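Letters A, B, ... are given to chains in the order of the sequence lines, protein chains preceding strands, and every chain is numbered from 1. None of these values were measured; they are calculated from a predicted model.
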Amino acid sequence: MSVLKPLKAWKHLARKPHTIRYPAQEHLDMEGTRLPTDRLRGFHSNDLEKCIGCRMCGQICMNDAITYEEIPELEGKKGKNIRPVVDYGRCCFCGLCTDICPTNSLHLTPNFKLVSTDKHDYKFMPTQLITKNEDYEVELDKVIFDAKEYKEKF
Amino acid sequence: MRYEEWNKISRIASRKSLWMLHFCTGCGAVELPPVMTSRYDMERFGMGPMATPRQADVLLITGYLTVKTLKRVVNVYEQMQSPKYVISFGSCPINGGMYWDSYNTVKRLDRYLPVDVYVGGCMPRPEGVMNAFLELMKLIDEGKARGWEKYQKYYEQYKRNQKMAFGFERGKNEGD
Amino acid sequence: MVDFLIKIAVIALYTTIAMLVGILFMGIGRKIVARVHNRVGPPVYQGFIDIAKLLTKKTNISHGWIYDLALLFSLTGIILTILFLPIGGVKLLGTEGDAFLVLYLLAIPALGFALGAGASGNPNAAIGVMRALVMMLSYELPFVITMIALMIYYDTSSIAQIVELQRARWAIMIPPFMLAAAVADMALQGMLMEAPFDIPTAPHEIASGPMAEFGGKHLGSLMLYKAGTIVAYTTLFVDLFLGGGVVMHDGSILSYIVNFAVWFLLILLIFTLSLLINASFPRFRIEQAFKFYWKYEALLAFISLIWVYLMVIS
Amino acid sequence: MKAIEIIGKGEEMHGRAYIPSGREEAGTIIKKLKENGFAHFVMLSCVDWIDKNEFELVYHMWSYEHKEHAMISVRLPRDNPSMFSMHELFPQIETYEREIHEMYGIDFEGNSRLTPFLLEGWHDTPPMRKDFDSKKFAEDVFDSIPEIKEEEDEGI
């Protein structure tokens with residue numbers, strides 16, 4: 001009886017729901033990997049020590065999202081003392097800026113959650129507190145999103 | 001019962017029962033099905049899609065807004081019954097996003113409608129969308145989500161900006 | 001005088017309880033549908049929150065006094081229907097021939113709803129009202145035939161008496177009424193506007209139909225009306241076929257409580273069944289629904305009527 | 001390439017038949033192709049060749065019989081461009097013509113529905129023309145809209 005076939009849906013009553021109770025529960029995929037994975041293109045992180053202020057990222061950015069700001073504390077180091085400021089009201093997370101970056105200091109982190117009531121919160125200088133920088137992998141809890149929190153390495 | 005207490009009951013009730021308008025303007029509409037359906041299930045918070053603006057509490061601006069859509073969005077927003085809230089998704093309503101030099105995309109939504117919560121990303125993942133809903137609930141609970149009062153207070157400024165975007169003023173300046 | 005005041009107090013209590021049960025059932029219904037969809041669903045008390053939110057909304061758009069009063073009209077109609085139905089074997093109002101009265105009263109809330117929706121002037125509401133009235137016309141034929149079968153069998157036209165006469169065994173245990181109960185259950189599906197007969201309020205086709213222009217406090221009272229209909233229609237079904245949930249007859253306080261609990265469980269069962277059907281079937285178009293009721297349902301109802309008639313005369 | 005055989009001119013381009021045509025003969029070519037199996041009118045597109053000072057209208061057609069894609073190209077001058085409407089042959093061309101009229105400012109003789117279509121209150125150069133500076137327009141129009149000025153007190 002094809003009329004009664006939809007009643008197969010009642011089997012879900014006896015099952016555990018498929019839902020992820022999001023704020024309380026982590027999103028895992030079938031193999032148990034945490035989602036989103038580390039390859040997700042979220043907000044940038046920039047190693048201010050490694051960055052040389054070459055303006056390459058701003059030139060390649062097709063959305064005009066990257067502007068530069070001066071950090072006087074960086075005077076006297078290699079390169080210029082300007083560092084990129086990303087406007088996330090423009091950025092489309094294409095990753096061209098990280099590909100072109102000659103020192104590999106600019107990365108896209110899997111951090112994507114930013115909810116705010118003020119639109120000016122979306123323009124900031126991506127920074128990173130680096131303890132060990134030989135690894136490409138970015139340690140998430142070491143990323144900070146405010147230039148004011150920048151501390152010198154030594 | 002005093003007005004303040006009544007207000008508090010209203011806030012508590014509307015926080016747990018936010019009905020969103022099912023009106024999708026841009027690419028962010030794709031992020032809503034996982035949020036609405038069984039994977040993230042926003043009905044856990046009492047949220048649900050509603051068919052008409054009269055019944056809805058939350059207006060979602062899911063992505064870019066063209067001038068033509070803005071006209072409809074403003075109509076829809078004014079039909080909603082207050083307290084009403086606006087959530088803007090993604091980069092485009094913040095500062096133009098990918099369409100920053102487009103001839104037809106209004107770039108900063110807060111000049112035309114009062115926005116309560118912004119979500120970053122292009123587009124945000126469903127977790128980001130859920131975060132925005134939770135943030136809005138928190139704001140309502142604290143009594144800070146007052147976009148609709150702002151819209152009433154600065155109505156003339158909003159109307160002037162909307163008219164400028166719709167091209168009435170533009171046409172007048174050129175003399176036709 | 002005191003008797004009169006006590007009666008009024010009891011009526012108020014019953015109406016309140018019926019409304020609260022209806023609102024609770026809306027929450028339970030959403031939970032059940034969510035579970036069939038493999039979701040978690042809202043909390044069970046969600047209906048109370050929704051109504052509280054709608055009644056505390058700050059602006060309300062009115063479309064004239066017909067729009068405002070029509071909802072009161074339908075709310076009154078549904079409360080009156082509840083009062084004429086024995087709940088847990090307790091009869092509040094009612095007299096000889098109230099089965100016919102209830103049939104008329106069932107039409108009043110739908111008409112009030114239609115009046116309000118028509119006054120809103122929205123074209124979607126007009127389409128929805130037209131469909132709702134066609135739907136009413138379609139489900140009433142099989143439902144009335146099953147009711148006539150019951151009246152012939154029990155030789156009375158009072159619902160309270162039908163409930164009384166089912167003491168020995170419930171109507172659903174008699175073979176022809178099994179068929180009649182199946183017919184009446186599908187008619188109930190149309191009365192509650194659940195799928196597959198939810199075309200009058202199809203949310204994504206005609207923007208929730210008659211409710212298209214309702215918002216704020218108006219939608220809140222509409223949800224109260226909806227809660228009332230859930231209780232009224234399921235109670236009608238339970239009264240007609242399941243003996244009104246009466247299991248103890250000695251008239252003690254305990255029997256009141258037990259009968260009430262059984263009534264609650266039975267309407268919950270009927271409502272759950274209706275929702276499970278709602279959650280698993282797609283929607284009929286209006287002419288398909290009409291055909292379903294007037295062709296298959298009416299035929300089955302007629303068969304049960306003839307069967308009952310043959311049983312009575314033999 | 002069947003389309004080239006039917007018309008008797010044109011060349012193969014990326015696996016498709018490319019048939020250059022004059023403004024007047026395009027109608028007869030499309031009609032002939034339609035009669036010979038090219039029953040599906042896919043779309044009408046337009047290219048602004050600003051260096052050569054001309055527009056190129058491309059009529060894309062598909063044949064289910066020959067499994068072949070044919071492109072009929074018509075070149076028009078950039079000042080006062082106009083073309084014959086073909087909505088008698090394929091009714092759906094009317095919509096493409098409306099869009100191209102709006103986006104490029106090309107006039108289609110015989111199309112009675114060249115009314116505002118996608119744009120809202122447009123008074124400028126048609127936006128898809130290459131001499132239209134989209135960035136400057138966006139800056140002029142949308143960036144000039146002022147922010148909402150809020151008063152200091154939060155007593156609302």
Side-chain angles (χ1 to χ4, degrees), chain A residues 9 11-13 15-30 34-44 61-67 85-97 108-124 126 145, chain B residues 27 31 34-45 63-64 85-102 107-111 114-139 142 144-147:
Chain A
K11 72 188 173 198
H12 294 304
L13 285 170
R15 286 183 183 175
K16 203 166 155 262
H18 179 241
T19 308
I20 291 159
R21 292 163 175 81
Y22 165 62
Q25 202 178 350
E26 255 186 323
H27 187 175
L28 304 175
D29 73 352
M30 281 158 101
R34 208 183 115 268
L35 287 180
T37 57
D38 292 344
R39 286 165 60 210
L40 184 96
R41 292 178 186 167
F43 296 128
H44 295 82
C61 184
M62 59 197 168
N63 286 358
D64 209 8
I66 299 180
T67 48
V85 173
V86 184
D87 180 3
Y88 289 98
R90 287 277 176 83
C91 180
C92 70
F93 304 96
C94 58
L96 286 177
C97 46
L108 289 173
T109 63
N111 192 341
F112 64 98
K113 292 169 195 162
L114 179 54
V115 176
S116 168
T117 53
D118 186 6
K119 67 171 184 177
H120 300 295
D121 288 358
Y122 287 90
K123 189 168 185 177
F124 54 79
F145 286 121
Chain B
C27 38
E31 303 295 332
V35 180
M36 284 193 291
T37 53
S38 64
R39 199 55 172 161
Y40 286 93
D41 187 25
M42 68 188 189
E43 212 181 359
R44 285 179 294 140
F45 307 122
Y64 60 86
Y85 314 101
V86 178
I87 298 182
S88 102
F89 281 38
S91 299
C92 300
I94 299 172
N95 197 14
M98 274 178 136
Y99 304 96
W100 62 285
D101 59 350
S102 163
K107 289 182 293 185
R108 292 170 189 85
L109 179 63
D110 63 328
R111 296 184 181 180
V115 181
D116 289 304
V117 175
Y118 292 97
V119 206
C122 181
M123 287 308 288
R125 275 180 63 89
E127 288 100 329
V129 176
M130 292 297 270
N131 274 2
F133 292 154
L134 293 169
E135 174 79 14
L136 181 64
M137 284 174 201
K138 204 181 99 201
L139 288 174
E142 292 165 359
K144 283 182 189 161
R146 289 179 154 189

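The distance from the CD1 atom of B:Ile94 to the NZ atom of A:Lys119 is 9.5 Å, given to the nearest 0.5 Å. In this structure, the separation between CZ on A:Arg21 and CG on B:Asp41 is 9.0 Å, given to the nearest 0.5 Å. Going from atom CE of B:Met123 over to atom CZ of A:Phe93 covers 10.5 Å, rounded to the nearest 0.5 Å.
The heavy-atom pair separating A:His18 from B:Ser38 by the smallest distance is ND1-OG, 3.2 Å. Annotation for B:Ser91 and A:Tyr88: closest pair OG-O, 3.0 Å, computed over non-hydrogen atoms. Shown here for B:Trp100 and A:Met62, the closest heavy-atom pair between the two residues is NE1-O, 3.3 Å. Summarising the geometry of B:Asp116 relative to A:Thr117, their closest heavy-atom pair is O-CG2, 3.3 Å, with the distance given to 0.1 Å.
Residue A:Asn63 touches chain B through both its backbone and its side chain, counting heavy-atom pairs closer than 4.5 Å. Residue contact with chain A, scored on non-hydrogen atoms closer than 4.5 Å, involves the side chain of B:Leu139 exclusively. Of the atoms belonging to A:Cys92, heavy atoms from both backbone and side chain fall under 4.5 Å from chain B. For chain A, the nearby part of B:Arg44 is the side chain; its heavy atoms alone come within less than 4.5 Å.
A search for side-chain hydrogen bond (donor to acceptor under 3.5 Å, both in side chains) contacts involving A:Thr19 returns nothing, not counting sequence neighbours.
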Mind listing the side-chain donor-acceptor pairs of residues 128-135 of chain B below 3.5 Å, one per line with the distance, residues two or more places apart or on another chain?
unit_1, atom_1, unit_2, atom_2, d
B:Asn131, OD1, A:Tyr22, OH, 3.2

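At most 12 heavy atoms of other shown residues, nucleotides or ligands fall within 6.0 angstrom of atom CE in B:Met98. Atom NZ of A:Lys16 has 12 or fewer neighbouring heavy atoms from other residues, nucleotides or ligands inside a 6.0 Å radius.
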